[in-house]
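Heads up, the thing below is written out as structure tokens.
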Amino acid sequence: MLNISDKVENHSHDDMISSVEYDFIFYIDGKKYGVSAKRTLRERYKQNFEDVDFLTVDAMFLITLGIDLNEDKLNNILQKNGQFVIVADEIYETKDYLKNNPRVLSSKNITKTVIKSLLK
């Protein structure tokens with residue numbers, strides 16, 4: 001994961017809500033980050049995402065190419081506490097509703113510093 005974490009765990013399910021699936025989990029400074037990476041969202045994002053207050057992670061990232069991510073789906077995802085969306089830079093740069101949302105990140109801008117700043 002871009003050399004931002006020394007500890008990465010592969011595919012798993014959340015300990016509190018087993019229906020929530022992580023493609024991988026990584027750690028930075030004692031914080032636990034869940035990641036779900038999808039080429040397209042379809043309707044799975046409605047089933048897989050909960051407020052992180054109910055999960056064993058401190059934040060959850062949905063990584064998607066963004067080809068089917070519209071503003072309504074984005075708002076649905078981000079109504080959940082602790083959720084962040086990472087999209088391909090090419091998509092991010094073409095949509096104002098993505099660029100204007102602080103919980104949406106361009107894949108180009110993901111660094112350890114950026115991730116740590118999200119949970120302050």
Side-chain angles (χ1 to χ4, degrees):
M1 173 90 192
L2 301 173
N3 289 328
I4 59 172
S5 175
D6 292 331
K7 183 177 179 186
V8 177
E9 297 173 0
N10 290 323
H11 184 267
S12 65
H13 292 267
D14 192 81
D15 294 334
M16 303 294 283
I17 301 176
S18 62
S19 64
V20 174
E21 185 177 350
Y22 305 112
D23 289 308
F24 60 93
I25 293 171
F26 67 95
Y27 299 81
I28 298 174
D29 295 344
K31 300 284 185 184
K32 184 177 182 180
Y33 299 86
V35 176
S36 179
K38 305 293 174 216
R39 185 172 14 176
T40 61
L41 295 175
R42 293 184 290 253
E43 295 297 307
R44 187 155 185 253
Y45 70 93
K46 291 181 181 178
Q47 303 163 1
N48 203 34
F49 294 95
E50 301 289 337
D51 286 333
V52 295
D53 299 338
F54 303 111
L55 302 175
T56 56
V57 295
D58 297 295
M60 179 74 167
F61 291 100
L62 169 64
I63 300 174
T64 182
L65 293 176
I67 57 177
D68 67 337
L69 177 62
N70 60 39
E71 193 167 8
D72 287 339
K73 287 179 185 176
L74 178 68
N75 290 335
N76 188 326
I77 293 166
L78 295 181
Q79 74 180 343
K80 305 290 187 182
N81 181 42
Q83 300 287 337
F84 298 90
V85 175
I86 300 171
V87 298
D89 188 58
E90 306 80 53
I91 302 297
Y92 181 85
E93 290 299 330
T94 64
K95 308 286 185 193
D96 285 339
Y97 67 88
L98 298 174
K99 293 190 291 187
N100 294 330
N101 192 313
R103 290 175 50 204
V104 177
L105 307 163
S106 164
S107 60
K108 178 181 168 183
N109 298 325
I110 301 301
T111 66
K112 185 175 189 175
T113 302
V114 167
I115 291 173
K116 287 170 61 173
S117 73
L118 297 174
L119 293 185
K120 287 188 177 183

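What's counted below: heavy atoms across the whole structure, side chains too, no hydrogens, waters or symmetry copies.
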Side chain to side chain contact (heavy atoms under 4.5 Å, CB included) between K73 and D68, worked out: CA-CA 9 Å; K73 287 179 185 176; D68 67 337; 3.7 Å; yes
Criterion side chain to side chain contact (heavy atoms under 4.5 Å, CB included) on K112 and I28, from CA distance to verdict: CA-CA 8 Å; K112 185 175 189 175; I28 298 174; 3.7 Å; yes
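Here the side chains of S36 and E21 are not in contact, with every heavy-atom distance at 4.5 Å or above. Between L55 and V20 there is a side-chain heavy-atom pair separated by less than 4.5 Å. Taking 4.5 Å as the limit, some side-chain heavy atom of L74 sits within range of a side-chain heavy atom of L78. Counting only heavy atoms from C-beta outward, the side chains of K38 and L65 never approach each other to under 4.5 Å. For the pair F61/I110, no side-chain contact is recorded, criterion being any heavy-atom separation below 4.5 Å from C-beta on.
To the nearest 0.5 angstrom, F84 atom CZ is 5.5 Å from L119 atom CG. A distance of 3.0 Å separates CD1 of I115 from CD1 of I4, quoted to the nearest 0.5 Å. The structure places CG of N100 at 13.5 Å from NZ of K95, a figure rounded to the nearest 0.5 Å.
Donor-acceptor pairing under 3.5 Å is recorded for the side chains of Y27 and E9. Under the 3.5 Å distance criterion, with hydrogens and angles disregarded, no donor-acceptor pair is assigned to the side chains of D58 and Y33. Side chains of D89 and S107: no donor on one and acceptor on the other come within 3.5 Å.
Atom CZ of R103 has more than 12 heavy atoms from other residues, nucleotides or ligands within 6.0 Å. Under a cut-off of 6.0 angstrom, the local environment of NZ in K108 is sparse, with at most 12 non-hydrogen atoms contributed by other residues, nucleotides or ligands.
Between F24 and F26, the two ring planes are tilted [angle within 30° to 60°].
Looking at every heavy atom in both residues, H13 comes nearest to S18 through ND1-O, 2.9 Å. Minimum interatomic distance between I77 and L62 (heavy atoms only, all atoms of both residues): CD1-CD2, 3.5 Å. Of all the heavy atoms in Q79 and N76, the pair that sits closest is CG-O, 3.0 Å. For the pair L69 and Y97, the tightest heavy-atom approach, listed with the atom from each and the gap, is O-OH, 2.8 Å. Counting all heavy atoms, side chain and backbone alike, G34 lies closest to I25 at CA-CG1, 4.3 Å. Of all non-hydrogen atoms in Q83 and E50, the two that sit nearest each other are NE2-O, 2.7 Å.
Although no hydrogens or angles enter the test, the distance criterion places no donor-acceptor pair under 3.5 Å between the side chain of D23 and the main chain of H11.
Residue pairs meeting the salt bridge (charged side-chain N to carboxylate O under 4.0 Å, His left out) criterion with at least one partner in residues 28-37, sequence neighbours excluded, are D29-K116.
Partner N101 forms a side chain to side chain contact (heavy atoms under 4.5 Å, CB included) with one of V104, L98, L105 and no other, that one being V104.
Residue I63 is grouped with residue V114 when hydrophobic side chains (ILVMFWY) are merged at heavy-atom distances under 4.5 angstrom, including chains of intermediate members.
Remark: F54 pairs with I17, D51 by the side chain to side chain contact (heavy atoms under 4.5 Å, CB included) rule, at least two apart or across chains.
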